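Worksheet: one structure, shown below.
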Amino acid sequence: MTDLRRDGPAALEWAARYLERVSELPVLAQVEPGQIRGRLPTSAPEEPEPFEAVLRDLDEVLLPGITHWQHPRHFAYFAVSSSEPAILAELLAATLNSVAFLWRTSPAATELEAVVLHWTAQLLGLPEGWHGHIEDTASTSTLAALIAARTATGRGTVVCSEQAHSSVEKAARMLGMRLRKVPCDEEFRMRADAIGDLSEVAATVATVGTTASTAVDPVPEIAEACEAAGTWLHVDAAYAGAAMVCPEFRWAFAGVDRADSLVVNAHKWMLTPMDCSLFWSRRPADLRAAFSLVPDYLRTPDAEDSLSLSEYGPALGRRFRALKLWAVLRCVGASGLREHIRRGVSLAERFEGWVAKDPDWELCAPRRFSVVCFRLCGEDERNQELARRVNASGEIFISGTVLAGRHVLRLAVGQMSTREEDVEQAWEVLRREAAGL
Ligand SMILES: Cc1ncc(COP(=O)(O)O)c(C=O)c1O
């Protein structure tokens, strides 16, 4: 049988050792589809095994099939760092195993969630008094916003830019809502002058920090149009929202105080592990109107009812996600978060400088935060082959996208352990592989 006192230290040692050695492992898993599954038994064991067997197989069987998101040279997607206080808090949350669907099923979980959302709202410079709760992902937060908007307005159309995250289109599709995509300007921001008639539109989604190039939509102009038409404004700041802890990036949140709802993923750039998506709204009554459905077996006195966070979003069972964010806010502090954001941005800036100086390479979008969009001069195929080769090296992991019809490479900085030498190595690997094309 597993025993916390006997097996716990080994698991913690595994975690500590993993973080020390992760930079020595290939970033992108170098396995073929089915390879890991083929090494696992086809049925669960009949008799219990010791926990040390699980740890052993984690090393021997699973680790080769892990793409290392905690790796300092994981530059492919927006960084998702799991910091030490949050790792420990996840262990404690699993130990408590609260299911906070009603206030009374875990008052502290519900109330701490309100407190950490309030603290974070202050850190990001949001208006006082917004309702805030945690969803699993930004996809769910945006889905929730669109549901509330449809219920509040009785309309069936969603508007976003052609650079909005696919979660907006997916939510509209799941809801059977029509989607209209607004064209972008040369810097990949929604063209507010092309937003069109919003009188039949339930919700407009503006993005602060688009996925491909981290562009910032003109939220003040979009808010103006939404207010005039009675349209719900949802702001997707899943990645860039975290940067608002630093006053120098607050320009990007201009107009966000006029939003009806906002999503920022703490599990992206805020040192908190998956999953922890922060959802705020200044219209909690509209959320409750859309989501409150309390069956007899869950009825409690009304004062308690209105605090139950399951009445403000799609899920009933809610795990104690606030604990890990609380641990991060307390053990890293606002100063530590600012330092973390600034480090990522300044490393991206350095990389951008090297690309700008080299005539064989070109920058493809303005760098707003910690993502650099760039390419090797020449055809798309060369860039695709280059990405394939650098990723196969296991030394770095980058991603690609299409901007203005061309294939572009993306270097997303922001992992907590990334240092200057890691970004230098990325540039070296890219130039080495480019020379061999
Ligand atoms: C701008 C933006 N919105 C939403 C999402 C979806 O996030 P999640 O995986 O939390 O659903 C992403 C993912 O990277 C994103 O970049």
Side-chain angles (χ1 to χ4, degrees), residues 67 69 74-82 86 120 124 133-147 158-175 179 181-182 184 187-190 203-217 219 222 233-244 249 252-253 256 259 261-280 313-315 319 321 324-325 344 348 365 367-373 397-403 408 410-415:
T67 289
W69 286 77
H74 186 306
F75 297 118
Y77 310 108
F78 291 142
V80 291
S81 306
S82 180
T120 312
L124 304 185
H133 72 258
I134 305 179
E135 294 289 349
D136 52 2
T137 58
S139 303
T140 304
S141 296
T142 294
L143 177 70
L146 298 192
I147 292 170
V158 179
V159 164
C160 66
S161 94
E162 58 192 13
Q163 290 289 325
H165 189 261
S166 54
S167 54
V168 181
E169 182 164 349
K170 190 169 177 179
R173 194 203 292 173
M174 288 191 290
L175 295 171
L179 181 72
K181 289 193 180 176
V182 181
C184 289
E187 295 191 357
F188 311 108
R189 301 170 293 202
M190 186 195 285
T204 297
V205 181
T207 311
V208 173
T210 57
T211 311
S213 73
T214 73
V216 175
D217 286 344
V219 181
I222 298 169
L233 172 60
H234 175 62
V235 174
D236 177 357
Y239 151 74
M244 303 309 133
F249 299 118
F253 255 19
V256 170
S261 56
L262 164 72
V263 57
V264 175
N265 276 354
H267 69 239
K268 279 190 163 55
W269 208 3
M270 222 181 261
L271 300 174
T272 308
M274 278 289 288
D275 47 6
C276 193
S277 180
L278 312 183
F279 181 72
W280 285 277
R319 68 192 199 87
R321 294 191 185 90
K324 58 188 170 184
L325 181 55
R367 183 197 49 74
R368 302 292 179 209
F369 304 99
S370 67
V371 174
V372 184
C373 293
F397 182 24
I398 60 164
S399 62
T401 188
V402 175
L403 284 175
V408 163
R410 274 173 91 255
L411 186 103
V413 192
Q415 233 302 325

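What you see is a predicted model, and the numbers here were worked out from it, not measured in a lab. Atoms within a ligand are numbered from 1 in the order they appear, just like the ligands themselves.
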How long is the straight-line distance from CG of N265 back to OG1 of T272, given to the nearest 0.5 Å?
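Those atoms lie 10.0 Å apart.
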With rounding to the nearest 0.5 angstrom, report the CG to OG distance, L403 to S213.
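Between atom CG of L403 and atom OG of S213 there are 5.5 Å.
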Can you classify the ring geometry of F369 versus W269 as parallel (below 30°), tilted (30 to 60°) or perpendicular (above 60°)?
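The arrangement is perpendicular - the two ring planes meet at more than 60°.
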Parallel, tilted or perpendicular for Y77 and W69, by the 30°/60° rule?
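Answer is parallel, since the angle falls under 30°.
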In a simple table, one pair per line, please give the protein and ligand 1 atom names for every N or O pair closer than 3.5 Å, along with the distance.
| from | atom 1 | to | atom 2 | distance (Å) |
| --- | --- | --- | --- | --- |
| ligand 1 | 3 (N) | D236 | OD1 | 3.2 |
| ligand 1 | 3 (N) | D236 | OD2 | 2.6 |
| ligand 1 | 7 (O) | K268 | NZ | 3.3 |
| ligand 1 | 10 (O) | A138 | N | 2.8 |
| ligand 1 | 10 (O) | N265 | ND2 | 2.9 |
| ligand 1 | 10 (O) | H267 | NE2 | 3.2 |
| ligand 1 | 11 (O) | A138 | N | 3.4 |
| ligand 1 | 11 (O) | S139 | N | 2.9 |
| ligand 1 | 11 (O) | S139 | OG | 2.5 |
| ligand 1 | 14 (O) | K268 | NZ | 3.3 |
| ligand 1 | 16 (O) | T211 | OG1 | 2.8 |

Examine R368 relative to F249 and say whether NZ or CZ is less than 6.0 Å from the centre of the six-membered ring and inside a 45° cone about the ring axis.
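Geometry flag: not set, cation outside 6.0 Å or 45°.
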Tell me, please, which residues at least two apart from D136 pass side chain to side chain contact (heavy atoms under 4.5 Å, CB included).
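T140, D275, R321.
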